[in-house]
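Written out below as structure tokens is the structure these notes cover.
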Amino acid sequence: MKKVVSLVAPFYNESGNVSEFFRRVNDVAAALPQYDFEVIAVNDGSRDNTWNELLEAHRRYPRVHVVDLSRNFGKEAALTAGLDRAMGDAVVPIDSDLQHPPELIADMLAQWEKGAEVVLAQRTDRVTDGALQKLTAVQFYRFHNKISNIQVPANVGDFRLMDKAVVEALRKLPENHRFMKGLFAWVGFRTVTIPYDHGPRGAGVSSFNFWKLWNLALEGITSFSTAPLKIWTYVGLGASVFALLYALLITVKTMLFGIDVPGYASLMVSVMFIGGVQLIGIGVLGEYIGRIYHEVKRRPVYLVRESHGGAKD
Ligand code: UDP
Ligand code: MG
């Protein structure tokens, strides 16, 4: 019996990349005949011709499973849909825009055979990113890892090989908010890191703009840390101590020098400052409460319109 390797690829408006993606994956599979390859291609509500092209790939290549989600659920949900269907002894999530070279899978498999349960592909540089994106990425990882009890390695994306045991552990995580990088790190397992060149996109444009990345960062932080909630106790404590000392100072000053002319400007500024700080605190609470609200509804992470080629079809 050959070992099965599952590739899980999310597709969102990737019409320009579908045929090239399958051609390259097919070459990789042909070069590794000791394994059985399957591809789970998840169409995440693309608005272009991606789904038809995936159907064509499914007809052309025997072990391509195609899954059509009922709308765009986002990359994390699309990956979850693919991971739920992956039957492999090893599973590799991979971007469909050819930024993750499928050729690296051979090296990943070699590490896996040597006993690694997770093989992380770490990008050697960030040349395809703008200066701002590079800086914010570095700062995000630094901040996230400082305040969370799990460590998300820097410059590591979803491109990785996972043993079946790891995928099973991931399937057991019940949360709806799926910050995959964090979940991957949370499950642990024996991990090896190998470098790769993160190339430019095949065709099309990235669907992650600044706002989406900001929200992804918030998702990451709120999913794995409660530090932003707890900090308010100390902010409040600090403000109270300061107020107490200031009250003492005013009392002593009044007793020694009599009543001063009251300062309207300083009063205004401190009222507004404290108001602002309180609103920020409420905003942070809101971020968490909003997530609790979504989480308790227990809605499915994704919905499938149709799928072909999988064991469940
Ligand atoms: N993607 C997806 N759903 C989305 C956005 C993106 O399935 O809502 C897929 C996309 O097709 C690609 C991968 O996720 O395979 C990474 O997306 P993208 O290249 O836009 O992000 P970047 O590489 O810039 O982080
Ligand atoms: Mg990309």
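Only heavy atoms go into these numbers, but all of them, side chains included; no hydrogens, no water, no symmetry mates. Treat the numbers as computed from the prediction; the structure is a model and nothing was measured. Whatever order the structure lists ligands and atoms in, that order sets their numbers, starting from 1.
- Among protein heavy atoms, atom 22 (P) of ligand 1 sits closest to S206 OG, 3.7 Å.
- Considering K75, E76, Q99, E14 only, the shortest heavy-atom separation from atom 23 (O) of ligand 1 involves Q99.
- Between V192 and Q111, the closest heavy-atom pair is CG1-OE1, 3.5 Å.
- Ranking protein heavy atoms by distance to atom 18 (P) of ligand 1, first place goes to R201 NH2, 3.5 Å.
- In this structure, the side chains of L303 and F73 come closer than 4.5 Å at one or more pairs of heavy atoms.
- With hydrogens left out, the protein atom closest to atom 9 (C) of ligand 1 is P10 O, 3.9 Å, a heavy atom.
- With respect to atom 19 (O) of ligand 1, the closest heavy atom belonging to the protein is D97 OD2, 2.6 Å.
- For ligand 1, the atoms closer than 4.0 angstrom to any heavy atom of D95 are 13 (C), 15 (O), 16 (C), 23 (O).
- Q122 and T193 share no donor-acceptor pair across their side chains, judged by distance under 3.5 Å alone.
- With no hydrogens or angles considered, a side-chain donor-acceptor pair links D44 and N72 at under 3.5 Å.
- Remark: the S70 side chain and the R305 side chain contain no N/O donor-acceptor pair separated by less than 3.5 Å.
- Residue D97: an N/O/S atom is found under 2.8 Å from the Mg ion (ligand 2).
- Of the candidates L98, N43, D44, L79, D44 brings a heavy atom nearest to atom 4 (C) of ligand 1.
- Side chains of T124 and D197: a donor-acceptor N/O pair is present below 3.5 angstrom, by distance only.
- Under the 6.0 Å distance and 45° angle rule, K230 does not count as a cation-pi partner of Y234.
- Any N or O atom pair closer than 3.5 Å counts here, and A78 shares no such pair with ligand 1.
- The protein atom (non-hydrogen) at minimum distance from atom 6 (C) of ligand 1 is S207 OG, 3.4 Å.
- Y12 and N43 form no side-chain donor-acceptor contact under 3.5 Å, judged by distance and modelled atom types alone.
- At a heavy-atom distance under 4.0 Å, atoms from both the backbone and the side chain of Y12 approach ligand 1.
- Under the side chain to side chain contact (heavy atoms under 4.5 Å, CB included) rule, K75 has a single partner from L216, V42, D158, T80, which is D158.
- Of the protein's non-hydrogen atoms, F208 CD1, 3.2 Å is the one closest to atom 21 (O) of ligand 1.
- If you look at N72 next to ligand 1, the close heavy atoms, those under 4.0 Å, all belong to the side chain.
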